[in-house]
Amino acid sequence: MLTRRKELRRRGVGWPWAGQNRVSRIWTEGSSRSGAELLQHHCNSLPHLKQIHALLLRTHHHHLLPIFNCAIRVLFKSNPLSSLRLYLLMTRLSVSPDNFTYPFLLNCSSSPLSPLFVGQELHSRLCKSGFRHHLPVANALIHFYSKCASDADSIPLARLAYDEMPLKDVVSHNSLLGTHARLGQRMHDARALFSGLREKNVITWNAMLLGYANAGDLASAREAFDLMPERDAVSWTVMVVGYSKCGLVDAAKELFCRMPSQNMVCWSVMVNGYSQAGRPEESLALFREMESVGIVPDAASMVGVISAASQIGRPELANWIGDYVDRKGIERNERVLTTLVDMHAKCGNVEEAFSLFNEMPSRDTFAYTALIGGLASNGHGAKVLELFSRMREEGIEPDHVTFVGVLSACSHAGLVDEGLEFWESMIQDYGIEHGADHYACIIDMLGRVGRLEEAYEMVKKMPMGPHAGALGALLAACKTYGNVDIANNVASRLFELEPGNTGNFVLLSSIYASREQWEDAARVRKMMKERGPTKLPGSSWIENDMQRGHRSQKIDQTTYIL
DNA sequence: GTAGGGTTAG
């Protein structure tokens with residue numbers, strides 16, 4: 001028995017699935033349509049291309065150039081290199097590219113997968129072809145040099161391609177400005193070009209915004225943003241991201257609130273921005289706002305939320321967030337899992353942190369460091385050392401942050417010998433320089449066990465100069481061990497560094513008092529009162545504690561659902 | 001056919 005397809009063929013229907021798919025429907029409906037037109041406007045995927053090719057062969061419309069053009073365009077979406085291979089085939093078959101072929105080929109050559117010389121070769125061929133001054137071809141050439149030349153060369157080469165054009169359009173201007181924008185370089189030249197343009201569109205303005213933002217010149221970016229005649233989603237996003245990257249999270253928030261419609265990237269930027277600025281309450285408040293308008297955060301925004309929760313340190317909040325990630329099916333990618341590990345460990349739920357850590361498909365430096373740091377802050381010194389060995393067995397390299405965790409674990413657990421070994425080893429075995437945080441840990445460690453002289457020697461050796469954290473730790477140790485001499489020296493440097501921190505004055509004064517040096521104690525208190533007007537709010541321990549209490553009350557209000 | 005943005009971890 002004949003299959004349906006064979007039967008249709010026998011009856012002369014021709015294309016066996018005629019009328020059943022988009023391409024053949026178009027073909028049968030539009031009798032006047034040329035094959036090239038069909039390929040150009042109705043072919044967007046490889047199956048389409050195959051169907052059309054077969055149609056053209058059957059109906060003897062098999063001019064090769066339109067088929068190649070279409071194939072190069074379609075294949076470009078899946079793999080730019082296969083488009084370039086097709087170009088080689090064309091040249092072998094002596095089919096010359098036309099003004100439709102070159103823009104696509106140049107686009108393929110702009111891919112990072114394509115070696116630079118391919119585009120350069122195309123450039124020389126198109127110069128001989130006579131299509132050099134077709135606008136889309138010339139514009140694509142600017143784009144190619146903008147993307148593919150080295151950072152140092154891309155602006156001059158793109159500019160050369162631009163200057164050689166006898167006629168330019170807004171796409172040409174935007175392509176060149178886009179080069180400045182991507183690099184955030186030579187914005188003076190970009191501005192001169194921009195000012196001279198008669199034709200500008202929203203993309204032209206956005207290129208200026210991005211260029212200024214990438215150059216770190218938010219004031220100029222904002223000026224342009226306020227001046228531009230119309231803004232689209234890109235304009236708002238560039239500004240919100242720009243402010244946030246520069247740490248100006250309040251300015252970012254102001255624009256974010258004014259955006260006509262907030263996209264997920266901007267939500268994510270804001271949630272993460274507050275978290276990174278050490279303002280977890282505001283990060284969580286935004287998360288609540290997302291929730292209340294029915295937006296489920298994506299993985300990137302969730303990372304900000306989780307990291308905010310880890311700063312707050314409340315176990316019930318951490319558990320709620322952990323459940324939320326499960327309940328909403330948020331992608332548990334490497335970063336989400338790492339941040340969850342960090343959160344649970346910092347909030348004291350070590351079992352959960354371990355269980356998530358072990359659940360990870362692979363554990364990198366970040367994951368190990370998260371768990372090590374979290375365990376260290378909970379005083380699990382022995383577990384940290386175990387974990388560090390496991391990390392080395394797995395061949396994962398520690399970095400400077402890992403060592404902050406390891407040293408602080410040694411400090412909290414009183415593992416002085418181990419701590420000093422790590423201190424030496426980080427330079428000798430891992431080539432990691434001692435940073436201010438490492439010094440602070442080791443000085444704290446020595447101070448806690450009463451090795452004040454050694455700790456003081458360390459302070460003097462700090463290449464980055466005195467550091468409030470390290471000096472503060474040593475001053476606290478001086479109080480524990482009643483060492484007035486070192487306390488005197490440390491405090492005088494600490495007063496210079498933190499003139500407004502009255503806690504340091506109180507500490508020194510109480511050291512004198514414990515040694516019954518009442519006059520000195522009174523002198524320090526007097527000094528503190530004299531400097532009173534400059535003191536920062538919340539600078540005593542009690543005030544700090546009260547502030548913390550007040551803050552957590554605020555959290556309770558804003559995040560009571562948690 | 002050719003031009004623009006993008007977030008996330010320790």
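Note: hydrogens, waters and symmetry copies are ignored here, and every other heavy atom, side chains too, is used. A, B, ... follow the sequence lines: proteins, then strands. Residue 1 opens every chain. Quantities reported herein were computed from a predicted structural model and do not represent experimental measurements.
- Of the candidate nucleotides B:dG4, B:dG10, B:dA9, B:dA9 has the atom nearest to the side chain of A:Gln276.
- Distance A:Trp236 CH2 to B:dG4 P: 23 Å, rounded to the nearest Å.
- Between A:Asp98 atom CG and B:dG1 atom C1' there is a gap of 10 Å when expressed in whole angstrom units.
- If you check every strand for non-hydrogen atoms under 4.0 Å, A:Ala181 touches nothing.
- Among residues at least two apart or in separate chains, there is no salt bridge (charged side-chain N to carboxylate O under 4.0 Å, His left out) pair with a member in residues 296-311 of chain A.
- Across all strands shown, A:Thr101 has no heavy atoms under 4.0 Å from either base or sugar-phosphate atoms.
- Of the residues in residues 330-343 of chain A, those lying under 4.0 Å from DNA chain B by heavy-atom distance are A:Arg335, A:Thr338, A:Thr339, A:Asp342.
- Distances were taken from every side-chain heavy atom of A:Asp399 (C-beta onward) to each of B:dG10, B:dG5, B:dT7; the shortest belongs to B:dG10.
- Contacts classified as salt bridge (charged side-chain N to carboxylate O under 4.0 Å, His left out) and involving residues 187-206 of chain A (residues at least two apart or in different chains) are given here: A:Arg186-A:Asp189.
- B:dG4 atom P lies 13 Å from atom CG of A:Asp232, rounded to whole Å.
- The distance between the ring centers of A:Phe68 and A:Tyr87 does not fall below 6.0 angstrom.
- Put simply, A:His143 has a side-chain N or O that comes within less than 4.0 Å of OP1 or OP2 on B:dG4.
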Distance-only donor-acceptor pairs under 3.5 Å for side chains of residues 126-135 of chain A, two or more places apart:
{"unit_1": "A:Ser129", "atom_1": "OG", "unit_2": "A:Leu126", "atom_2": "O", "d": "2.6"}
{"unit_1": "A:Ser129", "atom_1": "OG", "unit_2": "A:Phe131", "atom_2": "N", "d": "3.1"}
{"unit_1": "A:Arg132", "atom_1": "NH2", "unit_2": "A:Glu164", "atom_2": "OE1", "d": "2.8"}

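- Separating the CE atom of A:Met290 from the P atom of B:dT8 is a distance of 14 Å, rounded to the nearest angstrom.
- Regarding A:Tyr162, its OH atom lies at a distance of 12 Å from the C1' atom of B:dA3, rounded to whole Å.
- Nearest to the side chain of A:Ala370, among B:dG5, B:dG10, B:dG1, sits B:dG10.
- Taking 4.0 angstrom as the limit, A:Arg73 places none of its side-chain polar atoms (N or O) nearer than this to OP1 or OP2 of B:dG1.
- When the nucleotides B:dG10, B:dT2, B:dG5 are ranked by their closest atom to the side chain of A:Asp169, B:dT2 comes out on top.
- Using a distance-only test at 3.5 Å, with no hydrogens or angles considered, no donor-acceptor pair links the side chain of A:His173 to the main chain of A:Phe194.
- Remark: P of B:dG5 and NZ of A:Lys147 are 8 Å apart, rounded to the nearest angstrom.
- Among residues two or more places apart in sequence or in another chain, the ring pair (Phe, Tyr, Trp, His ring centres under 6.0 Å) test is passed with A:Phe225 by A:Trp236.
- Look at CD1 on A:Ile72: it is 14 Å from P on B:dT2, rounded to the nearest Å.
- Ion pairing between A:Lys383 and A:Glu386 fails under the 4.0 Å rule for side-chain N and carboxylate O.
- Ranking B:dT7, B:dG5, B:dG10 by closeness to the A:Asp298 side chain, first place goes to B:dT7.
- Residue A:Phe287 contributes atom CZ, which lies 15 Å from atom C1' of B:dT8 at whole-angstrom precision.
- Base engagement by A:Thr365 is indicated by at least one non-hydrogen atom pair under 4.0 Å involving a base atom.
- The side-chain hydrogen bond (donor to acceptor under 3.5 Å, both in side chains) analysis of residues 238-248 of chain A, with sequence neighbours excluded, yields the pairs A:Arg222-A:Tyr243.
- Residue-level contact check: A:Phe104 touches the backbone only, with heavy atoms under 4.0 Å from sugar-phosphate atoms and none from bases.
- When each of B:dA9, B:dG10, B:dT2 is scored by its nearest atom to the side-chain atoms of A:Asp364, the top-ranked nucleotide is B:dA9.
- An OP1 or OP2 oxygen of B:dT2 is reached within less than 4.0 angstrom by no side-chain nitrogen or oxygen of A:Asn99.
- Of the listed nucleotides (B:dG1, B:dG6, B:dG10), B:dG10 has the atom at the smallest distance from the side chain of A:Val401.
- As judged by a 4.0 angstrom heavy-atom cut-off over every strand, A:Lys346 is placed among residues touching the sugar-phosphate backbone only.
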